[in-house]
Amino acid sequence: MLNKFIKDAMSIVAGKPAEDITDLLDTPKYVNEFIIAKKLNLTVNQIRNILYKASDYGLVSSTRKKDKRKGWYTYFWKIENLKCLEFIKNEYLKKLEQLEHQAKSRETRRFYSCDRCNIELNEENALLHNFTCNECGSIFTLKDNTKAIKEMRKNFDKLKKDLTFIEEEISKETEKTQKKKSRERKKEE
């Protein structure tokens, strides 16, 4: 389930190809960009473009090493689980807010639709068009919003459940990070 949310975050930021990269970066160690390119049958520049987009949001981190023979830098990449989870949490909060707004709009306002063209208008816009469809000329019918509201509430509940899972994973990742930092401090002392 965690991998799904990380893939969603990467996909939102860098597009569908980023999902495949996510599978390859799902390791605790950094992964060579040339290996990623070879496994996905893409060029290194394509891989870099995707990873740079994700890096702009902090979803991946990189380290670089200089090739002694060629003098070029090779980048090694890793997914930042905590950043991905925080990003997707914010996206889900936005979706929840939109769904809540749409559901309230459906509960408080009336909507009309053209059965032939599947066009839907709110009451004000339907009134402006004299309750007739501009496309086919048929008369709008009052739309029953109960089914749409029920579906929105169902989606809202699912998003809430996913958000709870995401928040649990964020706390786990935060705990892991704190333990790692404390171990590093003890080593230094």
Side-chain angles (χ1 to χ4, degrees), residues 1-26 36 40-43 45-60 79-171:
M1 189 87 169
L2 173 65
N3 194 24
K4 174 200 173 294
F5 292 119
I6 291 172
K7 278 185 176 184
D8 286 349
M10 291 285 285
S11 180
I12 289 169
V13 168
K16 199 76 170 157
E19 288 183 6
D20 297 330
I21 293 173
T22 305
D23 291 332
L24 297 173
L25 294 179
D26 194 17
I36 298 168
L40 295 180
N41 209 13
L42 295 170
T43 67
N45 285 338
Q46 289 172 315
I47 296 297
R48 282 182 181 168
N49 285 334
I50 293 167
L51 290 170
Y52 288 154
K53 286 178 188 175
S55 179
D56 288 345
Y57 288 87
L59 304 183
V60 293
I79 286 196
E80 296 297 328
N81 288 345
L82 185 59
K83 294 279 188 179
C84 286
L85 289 169
E86 288 170 349
F87 176 82
I88 204 70
K89 176 185 174 186
N90 289 332
E91 290 297 311
Y92 273 46
L93 288 172
K94 288 176 194 172
K95 285 181 185 178
L96 281 172
E97 191 177 309
Q98 288 173 345
L99 264 176
E100 186 67 30
H101 177 72
Q102 288 174 352
K104 282 183 181 175
S105 176
R106 292 277 175 188
E107 289 170 347
T108 58
R109 301 169 82 193
R110 296 191 322 185
F111 290 86
Y112 292 85
S113 66
C114 173
D115 295 331
R116 281 193 209 160
C117 302
N118 287 329
I119 296 174
E120 182 179 274
L121 300 173
N122 61 22
E123 190 169 28
E124 295 84 25
N125 288 331
L127 183 62
L128 287 173
H129 294 289
N130 293 322
F131 296 96
T132 54
C133 179
N134 280 350
E135 302 294 320
C136 66
S138 64
I139 296 183
F140 287 127
T141 56
L142 181 61
K143 188 160 184 164
D144 183 19
N145 288 328
T146 54
K147 187 176 178 182
I149 293 169
K150 190 176 180 182
E151 188 68 30
M152 285 178 195
R153 293 291 174 206
K154 184 177 160 187
N155 289 340
F156 186 84
D157 291 341
K158 184 187 179 314
L159 282 173
K160 278 289 236 193
K161 189 176 126 190
D162 287 349
L163 195 59
T164 303
F165 177 80
I166 290 169
E167 287 171 344
E168 288 170 6
E169 289 298 318
I170 286 173
S171 65

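In this chain, residues are counted from 1 in sequence order. Here the structure is a predicted model, which means the values were calculated and not measured.
- At a threshold of 4.5 Å between non-hydrogen side-chain atoms, the residues Asp20 and Ile36 do not count as touching.
- Environment of CG in Leu93: crowded, with over 12 heavy atoms of neighbouring residues, nucleotides or ligands closer than 6.0 Å.
- What you find for Cys84 and Ile79 is that their closest heavy atoms are SG-CG2, 4.0 Å.
- With values rounded to the nearest 0.5 angstrom, Asp115 atom CG is found 4.0 Å from Thr141 atom OG1.
- Here Lys7 contributes atom NZ and Asp26 contributes atom CG; the two are 9.0 Å apart, rounded to the nearest 0.5 Å.
- By the side-chain hydrogen bond (donor to acceptor under 3.5 Å, both in side chains) test, Glu80 pairs with Ser61, sequence neighbours left out.
- Ile170 CD1 to Glu86 CD: the interatomic distance, rounded to the nearest 0.5 Å, is 5.5 Å.
- Between Leu51 and Val60, the shortest heavy-atom contact is O-CG2, 3.5 Å.
- When every heavy atom of Thr22 is checked against every heavy atom of Met10, the shortest pair comes out as OG1-CG, 3.4 Å.
- By the 4.5 Å heavy-atom criterion applied to side chains, Asn118 and Ser113 are not counted as neighbours.
- Between Asp144 and Thr146, the side chains place a donor N or O and an acceptor N or O closer than 3.5 Å (distance only, hydrogens not considered).
- Closest heavy-atom contact between Ile50 and Pro17: CD1-CB, 3.6 Å.
- Screening residues 112-137 for ring-ring contact (aromatic ring centres under 6.0 Å, His included) gives Tyr112-Phe131 as the qualifying pairs, with residues at least two apart or on separate chains.
- Residues meeting the salt bridge (Lys or Arg N to Asp or Glu O under 4.0 Å) test with Glu135, sequence neighbours left out: none.
- Residue-environment remark: CZ (Arg153) exceeds the threshold of 12 foreign heavy atoms within 6.0 Å.
- Residues forming a side-chain contact (heavy atoms from CB on, under 4.5 Å) with Thr164 (at least two apart in sequence, or on another chain): Glu168.
- The two residues Arg110 and Glu123 come nearest to each other via the heavy atoms NH2-OE2, 2.7 Å.
- With sequence neighbours left out, the side-chain contact (heavy atoms from CB on, under 4.5 Å) criterion links Glu169 to Leu2, Leu85, Phe165, Lys172.
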- Query: Between Asp8 and Lys4, is a salt bridge (charged side-chain N to carboxylate O under 4.0 Å, His left out) present by the stated rule, with each step listed?
  - Reply: CA-CA 6 Å; Asp8 286 349; Lys4 174 200 173 294; 3.1 Å; yes
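- Annotation: the span from Ile88 atom CD1 to Leu163 atom CG amounts to 10.5 Å, rounded to 0.5 Å.
- Among residues two or more places apart in sequence or in another chain, the salt bridge (Lys or Arg N to Asp or Glu O under 4.0 Å) test is passed with Lys154 by none.
- For residues 80-110, every residue pair satisfying the ring-ring contact (aromatic ring centres under 6.0 Å, His included) rule, not counting sequence neighbours, is listed here: Phe5-Tyr92, Tyr57-Phe87.
- A search for ring-ring contact (aromatic ring centres under 6.0 Å, His included) contacts involving Phe140 returns nothing, not counting sequence neighbours.
- The salt bridge (Lys or Arg N to Asp or Glu O under 4.0 Å) check on Lys158 picks up Asp162, with sequence neighbours excluded.
- With sequence neighbours left out, Phe156 forms a side-chain contact (heavy atoms from CB on, under 4.5 Å) with Leu96, Leu99, Glu100, Lys160.
- Around CD of Glu124, the count of heavy atoms belonging to other residues, nucleotides or ligands within 6.0 Å exceeds 12.
- With sequence neighbours excluded, no residue forms a ring-ring contact (aromatic ring centres under 6.0 Å, His included) with Phe111.
- Residues satisfying the salt bridge (Lys or Arg N to Asp or Glu O under 4.0 Å) criterion with Glu167, sequence neighbours excluded, are Lys89.
- A 4.5 Å side-chain heavy-atom check between Leu59 and Lys53 finds every atom pair outside the cut-off.
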